[in-house]
**Student:** 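Structure below; questions to follow.
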Protein chains: 2
Amino acid sequence: MKFNKRDPVYIQVVRHFKEQIATGHYEPGQEIPSRREIANQLKINPNTAQRAYKEMEEAGLIFTEGNSPSRITNNEEVIGQMRNEIILEAIENFVAAIKPINASFDEVVGLLKEKYVEE
Amino acid sequence: MKFNKRDPVYIQVVRHFKEQIATGHYEPGQEIPSRREIANQLKINPNTAQRAYKEMEEAGLIFTEGNSPSRITNNEEVIGQMRNEIILEAIENFVAAIKPINASFDEVVGLLKEKYVEE
DNA sequence: TCCTGTGTATTATATGATTAATACATCGTA
DNA sequence: TACGATGTATTAATCATATAATACACAGGA
């Protein structure tokens, strides 16, 4: 996994997990790496990992019992909503960036199709 | 004009001018506010305004002669390219955000159309 | 001529967010 | 029981950005 330096690392870690969860690479109830383990894997500070996990816990995406490793939520509705939010947020950002330029919808969709299908 | 706190202010100022130029609200050759003037208008520090203007000058979007206020470039090709870059960048960001979620192109375009037409 | 408003440059400080360092608490198990 | 791995909490250090404070050169106009 590679990080950009525009966004805080913990945000990017959260994002990464959300994508994994939304696409089913992590399944409901599945155990995820411990804070220290993921910190080693991603070469980040354990506190950064902790902060990312805390965010996800507050969002209901993972849960923690006692001092055993956290797990993906079993609430598939929460997962579905999260997926929708990611998509909607992306769309809103996109529209906010494009609209002030006065590009036509068709022009935009044309260019989008190229990039989307690519590869 | 309102700022978000995600991006540096000078970047947002540059962005604002680019949009104004791309949509023709500023015409080629037109005079723009002085550094100190825009700083007052936007309630920002003059140095931040200067930094924004410097960026635009280096990008060839504005030019300055002597100590008179800067002006929009007369090179319409530069303006056209800048407009394209904004659109392409927005598309790339969007695709990068959406693709990892495995949403179909049609689903995305459908949602996009709603937001795009809205208002 | 002198004053005001331009652009430009340099240096220092403040601030907020992020990351790092460290310590503490808990639990299962060898 | 004692160790090791877990989650959690607190404090310190770092860093980028924005702001501030000055200073300088230039040109036009009152």
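Below, each value reflects all heavy atoms present in this structure, side chains not excepted, and no hydrogens, waters or symmetry copies.
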**Student:** Quick one: CE on Met1(B) to CD on Gln41(B), what's the gap to the nearest 0.5 Å?
**Tutor:** 11.5 Å

**Student:** Between Glu107(A) and Arg83(B), is there a salt bridge with N-O shorter than 4.0 Å?
**Tutor:** yes

**Student:** Grab the CG-P distance between Leu42(B) and dA18(D) for me, whole Å please.
**Tutor:** 14 Å

**Student:** In the hydrophobic cluster built from side-chain contacts under 4.5 Å, what are the other members alongside Tyr10(B)?
**Tutor:** Ile11(B)

**Student:** Going by heavy atoms closer than 4.0 Å, what residues in residues 49-74 of chain A are next to DNA chain C?
**Tutor:** Arg51(A), Asn67(A)

**Student:** Within this structure, what is the CD1-to-P distance between Ile38(B) and dT6(C), rounded to whole angstrom?
**Tutor:** 12 Å

**Student:** Please give me every residue in residues 1-14 of chain A whose heavy atoms get under 4.0 Å of an atom in DNA chain D, ordered by residue number.
**Tutor:** none

**Student:** Minimum heavy-atom separation for Ile38(A) to Ala49(A), with atom names?
**Tutor:** CG2-CB, 3.5 Å

**Student:** Whether Arg35(A) contacts dT8(D) is assessed here as follows: a side-chain N or O lying under 4.0 Å from the phosphate OP1 or OP2. Is that the case?
**Tutor:** yes

**Student:** Between dT6(C), dT8(D), dT19(D), which nucleotide has the shortest distance from any of its atoms to the side chain of Thr48(B)?
**Tutor:** dT19(D)

**Student:** Residues in salt bridge (charged side-chain N to carboxylate O under 4.0 Å, His left out) with Glu55(A), at least two apart?
**Tutor:** none

**Student:** Of all heavy-atom pairs between Ala97(A) and Arg15(B), which one has the smallest distance, and what is that distance?
**Tutor:** O-NH2, 2.8 Å

**Student:** Hey, what do you get for CG (Leu112(A)) to CG (Asp106(A)), rounding to the nearest 0.5 Å?
**Tutor:** 12.0 Å

**Student:** Measure the acute angle between the ring planes of Tyr53(A) and Phe17(A), then classify it against the limits of 30° and 60° as parallel, tilted or perpendicular.
**Tutor:** perpendicular

**Student:** Tell me which donor-acceptor pairs under 3.5 Å the side chains of residues 65-79 of chain B have, and how far apart each pair is, sequence neighbours excluded?
**Tutor:**
residue: Ser68(B); atom: OG; partner: Glu65(B); partner atom: O; Å: 2.8
residue: Ser70(B); atom: OG; partner: Arg35(B); partner atom: NH1; Å: 2.6
residue: Ser70(B); atom: OG; partner: Thr64(B); partner atom: OG1; Å: 2.7
residue: Arg71(B); atom: NH1; partner: Gly29(B); partner atom: O; Å: 2.9
residue: Thr73(B); atom: OG1; partner: Asn75(B); partner atom: N; Å: 3.0
residue: Asn74(B); atom: OD1; partner: Gly29(B); partner atom: N; Å: 3.3
residue: Asn75(B); atom: OD1; partner: Glu77(B); partner atom: N; Å: 3.0
residue: Asn75(B); atom: OD1; partner: Val78(B); partner atom: N; Å: 3.3

**Student:** Can you name the atoms? Protein N/O to nucleotides 21-23 of chain D N/O, anything below 3.5 Å, with the distance.
**Tutor:**
residue: dA21(D); atom: N6; partner: Asn47(B); partner atom: OD1; Å: 3.3
residue: dA21(D); atom: N6; partner: Asn47(B); partner atom: ND2; Å: 3.1

